[in-house]
Amino acid sequence: MAVRDALLVLLMNGPAYGFALHGDLAARTGGRRDVNVGQTYSTLERLTKQGLVESAGSTDDGLPLHRLTTAGSAAAEAWLDGADGAGADPWHESVDRVLVAMSMPTVDARRVLNGERSRWRERSVAARGAAGPGASEPGAVAPAQLAREARARLAASAARAEARLAEAMLAWLDEVAAAGPDGASFAPSAERPRRGRRPSAPAVAAGTPAGGPQADE
């Protein structure tokens, strides 16, 4: 999963500060995505430069708040609708997308789940079609023909692997649907972090930071 896309979706819950989003990411993916906290901060900074996230002021104790821009909201919806991140693995994208959607009170998890099932059915059909009936047994033929047979066998085996992957994903999606995807949502935590990134403040005296020591990052 692209951390970028997940953070955008988490901000659909409303403005949040970096460390809260960092913990939310792990919680809403069932512990699958416990990324380095520095990656969370750097991704938020990059999203701000891209115009997808903007400042929403700060908390009472000085933690910078982030919120979605109009473009950021559109990007979040696109990911939920199945737009995988560039270079991302479709399997992990789908698992994370379903888990995040199930956890979000503001997202229709069943719509996301049905979209995933439809896309993986299409992948399954395409993979089975690419696998074909299999190459014929090589006989007394020219080396060039043998090479073509070998390549065809490899391509068919690769396609069958993709078909098996699609079948496994569809089986998991069916399990999620049967269990009911509506009982796993929860509101953002109101618990304050023990640490978080605060903006630097000018010193009020030599060697004395304004407002006391800064929190750990």
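This is a predicted model, so every value here is computed, not measured.
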[X] with [Y], same ILVMFWY side-chain cluster at under 4.5 Å:
| X | Y | result |
| --- | --- | --- |
| L113 | V100 | no |
| V107 | L68 | yes |
| W79 | V35 | yes |
| V9 | V98 | no |
| V176 | W91 | yes |

Electrostatic pair [X]-[Y], nearest N-O below 4.0 angstrom:
| X | Y | result |
| --- | --- | --- |
| D81 | R111 | yes |
| E167 | R164 | yes |
| R123 | D84 | yes |

Side chains of [X] and [Y]: closer than 4.5 Å at any heavy-atom pair?
| X | Y | result |
| --- | --- | --- |
| W120 | P90 | yes |
| H22 | N36 | no |
| F19 | L63 | no |
| N13 | P105 | yes |
| R33 | L99 | no |
| L21 | L11 | yes |
| S185 | M104 | no |
| Y17 | T59 | yes |

Closest heavy-atom contact between [X] and [Y]?
| X | Y | answer |
| --- | --- | --- |
| R28 | S103 | NH1-O, 2.5 Å |
| R67 | P15 | CB-CG, 4.1 Å |
| H66 | A56 | C-CB, 4.2 Å |
| R4 | A75 | NH2-CB, 4.4 Å |
| A101 | A109 | O-CB, 3.8 Å |
| A127 | A163 | CB-N, 3.5 Å |

Roughly how far, to the nearest 0.5 Å, is [atom2] of [Y] from [atom1] of [X]?
| X | Y | atom1 | atom2 | value |
| --- | --- | --- | --- | --- |
| R32 | D96 | CZ | CG | 4.5 Å |
| Q39 | L25 | CD | CG | 8.5 Å |
| L52 | L7 | CG | CG | 11.5 Å |
| R121 | E116 | CZ | CD | 11.5 Å |

Open item on the list: Run M102 and D182 through side chain to side chain contact (heavy atoms under 4.5 Å, CB included) and show every step you take.
Closed with: CA-CA 6 Å; M102 289 170 61; D182 302 323; over 6 Å; no

Open item on the list: I'd like to know if the side chain of E93 and the backbone of A88 have a donor-acceptor N/O pair within less than 3.5 Å.
Closed with: no

Task: Flag, side chain of N114 to backbone of R110, donor-acceptor distance under 3.5 Å - done: yes

Open item on the list: Quick one, M12 with L80, criterion side chain to side chain contact (heavy atoms under 4.5 Å, CB included). Give me CA distance, side-chain angles, the key distance, then yes/no.
Closed with: CA-CA 11 Å; M12 292 173 70; L80 289 173; 3.9 Å; yes

Open item on the list: Does either side chain, that of E54 or that of T69, offer a donor lying less than 3.5 Å from an acceptor on the other one?
Closed with: no

- [ ] Would you tell me whether R153 and S157 have side-chain atoms, one donor and one acceptor, within less than 3.5 Å of each other?
- [x] no

Less than 3.5 Å apart, which donor and acceptor atoms pair up between the side chains of residues 168-175 and the rest of the protein, not counting sequence neighbours?
| residue | atom | partner | partner atom | Å |
| --- | --- | --- | --- | --- |
| D174 | OD1 | R117 | NE | 3.4 |
| D174 | OD1 | R117 | NH2 | 2.9 |

Open item on the list: Using a 6.0 Å distance limit plus a 45 degree cone around the ring axis, check whether R46 lies over the aromatic ring of Y41.
Closed with: no

Task: side chain to side chain contact (heavy atoms under 4.5 Å, CB included) between L8 and V53, intermediate numbers included - done: CA-CA 8 Å; L8 291 175; V53 169; 3.9 Å; yes

TODO: Evaluate side chain to side chain contact (heavy atoms under 4.5 Å, CB included) for L47 paired with T43, printing each intermediate quantity in order.
DONE: CA-CA 6 Å; L47 291 171; T43 302; 4.0 Å; yes

TODO: In sequence, state the C-alpha distance, the side-chain angles, and the governing distance for R119 and E122, and then conclude on salt bridge (Lys or Arg N to Asp or Glu O under 4.0 Å).
DONE: CA-CA 5 Å; R119 284 186 289 276; E122 291 175 0; over 6 Å; no

